[in-house]
Amino acid sequence: MLAAFFSLPQLPLRAITRNIVRNMSGVQALKHPKFISVEGADIYSRSKSDGIRFRFVSYNILAQVYVKSSFFPHSPSSCLRWKARSQAILAVLKNLEADFLCLQEVDEYDSFYNGNLERCGYSSLYIQRSGQKRDGCGIFFKRENAELIIEDRIEYNDLVNSMQDDDCSCEENSASHDVESSKGSSPKTTLADRGDPNDPRVRLKRDCVGIMAAFRLKKPFHHVVIVANTHLYWDPEWADVKLAQAKYLLSRLARFKTLVSEKFECTPSILLAGDFNSTPGDKVYQCLVSGKSSSELSPECLEELPLPLSSVYATTLGREPSFTNFTPGFTGTLDYIFFSPSDSIRPISLLELPESECPEVIGGLPNFSYPSDHLPIGADFEITME
């Protein structure tokens with residue numbers, strides 16, 4: 001979720017008004033995005049017809065606790081209400097027909113998502129954010145296609161305990177760090193809530209989480225995949241914190257891969273998804289696709305554990321989507337799906353995303369066509385025996 005207070009170009013008032021009027025008139029209907037074949041994928045699939053195919057989707061569904069008219073003045077109030085929005089989100093999720101759903105900002109897990117998606121054939125894993133935060137990350141998987149074999153959870157607040165005492169005496173403030181842009185931000189925390197920005201331990205305690213698990217795909221042959229889902233800190237002026245989280249994520253994921261490989265005597269494929277609150281090309285993004293980085297706030301005890309990853313959309317399209325988050329104050333890409341490239345795994349289709357000129361997105365999200373301020377992203381994968 002992003003703030004409308006960014007110093008970025010605003011959409012014309014006329015466009016916003018037109019979008020609201022269109023929504024109020026009920027002309028727009030809920031959009032169900034489609035998967036489009038990757039060029040050459042059909043040929044590849046025919047030649048590798050004995051492979052495992054599965055569908056993977058990542059979606060920041062926008063926690064209802066953050067849905068306030070002051071945050072989304074451009075959105076029709078009726079589409080922000082939980083009763084309508086929950087059913088719209090559920091309809092989108094059902095229509096996607098994914099084998100794996102990585103959802104961020106899930107704040108009605110017990111009361112809504114767990115039960116409703118279980119009736120659709122999904123089992124799930126969920127981790128709620130630390131502290132008083134009500135939302136979290138969930139991995140939902142089709143029981144008939146995948147078997148959970150092991151899981152692990154990531155609390156980025158653990159970075160605080162890894163800091164050396166000497167690190168806490170340094171004079172730091174948000175202006176002394178590399179501020180990459182004013183993108184990827186959200187008004188979920190006030191300045192007063194952040195604490196003393198000169199204290200690295202305060203900076204690192206952001207209550208962000210992640211979850212990862214290994215699954216055995218059941219047919220036509222057994223293959224182990226590691227699925228990881230996360231939501232990194234939002235503030236663009238605290239880019240060093242996001243970078244520390246990304247480095248910790250890669251370190252934990254690499255160790256988890258080693259554990260799974262040794263315990264189950266396999267070579268697992270890796271799929272990492274989430275809202276990284278980072279735009280293409282920034283330091284967090286480069287860290288994730290290179291498998292290594294450095295940060296002033298990264299604990300020295302963490303080893304550099306390169307973990308080769310590629311972005312699904314960038315690999316297949318040659319670029320990231322134009323946007324995955326669309327509000328009057330910000331339009332850009334914050335959500336990604338990364339995978340471990342190898343000869344045995346390949347994306348064969350992508351979930352299609354709208355362009356900024358599309359009538360259903362003009363004026364910003366959420367609206368009656370898209371129930372979250374983020375768009376779902378996804379891909380069909382095929383795995384073949386090496």
Step by step, work out the side chain to side chain donor-acceptor pair (under 3.5 Å) result for His74 and Thr327.
CA-CA 8 Å; His74 58 281; Thr327 64; 5.8 Å; no
Side chains of Thr324 and Asp275 in contact at under 4.5 Å (non-hydrogen atoms)
no
Any side-chain heavy-atom pair from Pro376 and Pro33 closer than 4.5 angstrom?
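Pro376 vs Pro33: side chains touch.
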Distance-only polar pair, side chains of [X] and [Y], donor-acceptor under 3.5 Å:
| X | Y | value |
| --- | --- | --- |
| Glu118 | Ser123 | no |
| Asn367 | Glu360 | no |
| Tyr113 | Ser124 | no |
| Asn60 | Glu105 | yes |
| Gln64 | Arg85 | yes |

From [X] [atom1] over to [Y] [atom2], what is the distance, rounded to the nearest 0.5 angstrom?
| X | Y | atom1 | atom2 | answer |
| --- | --- | --- | --- | --- |
| Met212 | Ile127 | CE | CD1 | 10.0 Å |
| Asp99 | Arg143 | CG | CZ | 13.0 Å |
| Ile154 | Thr230 | CD1 | OG1 | 6.0 Å |
| Tyr370 | Cys79 | OH | SG | 13.5 Å |
| Ser111 | Glu108 | OG | CD | 3.5 Å |

Backbone of [Y] reached by a side-chain donor or acceptor of [X] within 3.5 Å:
| X | Y | answer |
| --- | --- | --- |
| Gln245 | Tyr233 | yes |
| Ser86 | Lys83 | yes |
| Asn277 | Leu232 | yes |
| Ser369 | Ala29 | yes |
| Arg206 | Val202 | yes |
| Ser349 | Phe35 | no |
| Ser278 | Phe276 | yes |

Can you name the residues that form a side-chain hydrogen bond (donor to acceptor under 3.5 Å, both in side chains) with Glu97, not counting sequence neighbours?
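Applying side-chain hydrogen bond (donor to acceptor under 3.5 Å, both in side chains) to Glu97 gives none.
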Closest approach of [X] to [Y] (non-hydrogen atoms, all atoms of both residues):
| X | Y | result |
| --- | --- | --- |
| Gly378 | Ile337 | CA-CD1, 3.7 Å |
| Lys242 | Trp234 | NZ-O, 3.7 Å |
| Glu237 | Arg203 | O-NH2, 4.3 Å |
| Phe112 | Asn116 | O-ND2, 2.8 Å |
| Gly51 | Glu382 | CA-CG, 4.2 Å |
| Lys133 | Asp207 | CG-CB, 4.1 Å |

Assess the residue pair Val106 and Gln128 against the criterion (side-chain contact (heavy atoms from CB on, under 4.5 Å)); give the C-alpha distance rounded to whole Å, side-chain angles, the decisive distance to 0.1 Å, and a yes or no.
CA-CA 8 Å; Val106 180; Gln128 187 171 322; over 6 Å; no
Can [X] and [Y] be counted as an ion pair, charged N to O under 4.0 angstrom?
| X | Y | value |
| --- | --- | --- |
| Arg129 | Asp135 | yes |
| Asp380 | Arg53 | no |
| Lys218 | Glu144 | no |

Return yes when atom NZ of Lys142 has more than 12 non-hydrogen atoms of other residues, nucleotides or ligands closer than 6.0 Å, and no otherwise.
yes
Just say parallel, tilted or perpendicular for the rings of Phe54 and Phe381, cut-offs at 30° and 60°.
parallel
Return each pair, listed once, that meets ring-ring contact (aromatic ring centres under 6.0 Å, His included) where at least one residue sits in residues 123-149; pairs must be two or more places apart or across chains.
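ring-ring contact (aromatic ring centres under 6.0 Å, His included) check on residues 123-149 returns Tyr109-Tyr126, Phe141-Phe215.
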Glu151 vs Arg153, test: salt bridge (Lys or Arg N to Asp or Glu O under 4.0 Å). Steps then yes/no.
CA-CA 7 Å; Glu151 65 175 286; Arg153 296 166 182 239; 3.1 Å; yes
Run Tyr336 and Tyr285 through ring pair (Phe, Tyr, Trp, His ring centres under 6.0 Å) and show every step you take.
CA-CA 9 Å; Tyr336 307 93; Tyr285 182 90; 5.3 Å; yes
Which residues satisfy the side chain to side chain contact (heavy atoms under 4.5 Å, CB included) test with Lys34, sequence neighbours excluded?
none
side-chain contact (heavy atoms from CB on, under 4.5 Å) evaluation trace for Ile270 with Phe339:
CA-CA 5 Å; Ile270 296 178; Phe339 72 108; over 6 Å; no
